[in-house]
Amino acid sequence: MIKVQQEDFDVGAEISGLTEGNTSIGGLACFVGLVRDLAGEKPISAMTLEHYPGMTERQLEQLEQEARQRWTLMDVLIIHRYGRLEPGDRIVLVATASAHREAALESCHFLIDWLKTKAPFWKLEDTGSGAQWVSARDEDDSAAERWKDKP
Amino acid sequence: MIKVQQEDFDVGAEISGLTEGNTSIGGLACFVGLVRDLAGEKPISAMTLEHYPGMTERQLEQLEQEARQRWTLMDVLIIHRYGRLEPGDRIVLVATASAHREAALESCHFLIDWLKTKAPFWKLEDTGSGAQWVSARDEDDSAAERWKDKP
Amino acid sequence: MRLLYFGWVRAKIGVSGETIDPPDGVDDVRSLVDWLSARGGGYGEALGDTTAIRVAVNQELAELDAAIAAGDEVALFPPMTGG
Amino acid sequence: MRLLYFGWVRAKIGVSGETIDPPDGVDDVRSLVDWLSARGGGYGEALGDTTAIRVAVNQELAELDAAIAAGDEVALFPPMTGG
């Protein structure tokens with residue numbers, strides 16, 4: 001399931017919703033991305049996430065389908081926020097549930113790696129010395145690339 | 001932090017406790033292990049976890065230290081339950097927080113892989129046809145082995 | 001044709017989107033970008049270096065040589081930074 | 001010397017632990033296991049195949065050739081199945 005929203009989310013409630021009543025789940029992996037107070041060396045006071053409504057949902061749904069094709073998953077949840085966030089705020093939640101831990105852990109890792117380069121979001125950071133757009137990082141490209149032929 | 005307990009835990013509260021007030025955390029990875037309703041092909045009605053009090057805490061603390069030496073982590077939490085559990089019940093929580101997602105994801109994966117073979121727990125499953133001890137799995141040994149030389 | 005801009009492409013151009021009637025010869029993304037870029041000003045700044053630009057046609061990622069036609073929704077933006 | 005048994009080792013032996021006074025010559029885990037195993041019955045069943053047994057001495061994992069002495073806490077158990 002995909003949710004693109006401005007509001008915060010409740011990690012515990014979201015995770016319980018995923019596993020409740022399904023006793024064939026053996027493992028649930030999750031990742032929560034948060035706004036850090038530092039961009040490189042510079043302190044930041046806020047981060048604004050711009051996104052492409054419509055395309056974002058489509059891309060995330062495609063990512064979910066890709067994960068479900070690669071691993072045997074009981075459930076997948078991706079929540080991605082947009083709008084103005086402050087350090088410590090949650091940005092993204094990825095949670096995957098499977099009968100087996102390996103499938104849950106790997107697919108969760110895969111999804112967050114792919115989100116970094118394939119989800120249409122753009123981040124603007126407010127620093128003391130003005131606003132700056134977050135650049136795509138080469139490490140994120142290689143992290144996504146790593147999953148190209150797997151499994 | 002290590003907790004070995006009979007009671008259930010609240011994933012949302014535990015995770016919030018880990019990140020709250022620390023705005024240098026960029027990513028939190030977590031894994032929740034649950035009792036499955038199947039052991040191989042056989043349905044199970046309950047699972048009893050026996051452990052070695054004292055040694056369990058020592059082993060888990062050593063695992064936490066090992067993870068902190070390998071990755072730069074802001075926080076580590078391992079909760080492992082013992083006693084009688086039913087399908088759908090939570091068994092274990094591993095959560096790791098770091099400035100960067102890769103460290104959080106890898107260390108979480110590492111910890112659950114090592115827990116499988118290095119934490120002194122033994123599982124007894126109640127099936128319709130009697131109780132059976134869960135055997136150590138070769139896959140779990142190789143999963144733990146994989147982390148031997150990393151990173 | 002509906003155009004959408006995001007991130008610093010939007011910031012440099014100064015609008016988040018516009019509806020255009022592309023002239024003859026503008027039949028793929030590359031020719032569209034060249035045509036917009038030739039307007040100069042913010043367009044030139046935003047779109048001058050095509051290696052820095054990513055594209056979606058009708059909400060699907062596309063390459064610069066993707067064909068486009070009247071009625072399409074074309075989005076131009078910097079590399080994505082999701083997650 | 002305090003002995004502890006877990007998992008099916010405990011189930012086969014029938015007690016979860018005992019305090020013993022090992023005879024001369026029982027100075028490492030292997031000789032302890034052989035001595036216990038020679039008691040026969042549940043002990044023989046539980047400890048006959050040493051490849052299936054894991055060991056901790058004073059709550060640290062140890063090998064069969066680990067030295068042991070009076071006052072030690074020695075635990076014998078099957079491979080662990082945590083997580």
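Hydrogens, waters and symmetry mates play no part in the numbers below; they use all other heavy atoms, side chains included. Per chain, numbering begins at 1; letters A, B, ... match sequence-line order.
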Go through the atoms of C/Leu61 and report whether side chain, backbone, both or neither lie under 4.5 Å from a heavy atom of chain A.
-> both

Calculate, to the nearest 0.5 Å, the distance between atoms CE and CD belonging to A/Met55 and C/Glu60 respectively.
-> 7.0 Å

Please flag which part of A/Thr56 lies under 4.5 Å from any non-hydrogen atom of chain C: side chain, backbone, both or neither.
-> neither

Determine whether A/Glu57 and C/Gln59 make a side-chain contact, defined as any pair of heavy atoms from C-beta on separated by less than 4.5 Å.
-> no

If you count the non-hydrogen atoms of other residues, nucleotides and ligands that lie under 6.0 Å from CG in C/Asp49, is the total more than 12?
-> yes

Greatest number of heavy atom pairs closer than 4.5 Å to chain C - which of A/Phe31, A/Tyr52, A/Trp114 = A/Tyr52

Could you tell me which non-hydrogen atom of A/Glu50 sits nearest to which non-hydrogen atom of C/Tyr5, and how far apart they are?
-> OE2-O, 4.1 Å

Exam field: side chain A/His80 to backbone C/Gly83, donor-acceptor pair closer than 3.5 Å | yes

Do you know which two heavy atoms are closest between C/Thr81 and A/Trp122, and how far apart they sit?
-> OG1-CA, 3.5 Å

Checking heavy atoms, do the side chain of A/Leu124, its backbone, both or neither come under 4.5 Å from chain C?
-> neither

With rounding to the nearest 0.5 Å, note down the distance linking CH2 in A/Trp133 to CZ in C/Phe6.
-> 10.5 Å

Which distance, rounded to the nearest 0.5 Å, do you find between the CE of C/Met80 and the CG of A/Asp140?
-> 12.0 Å

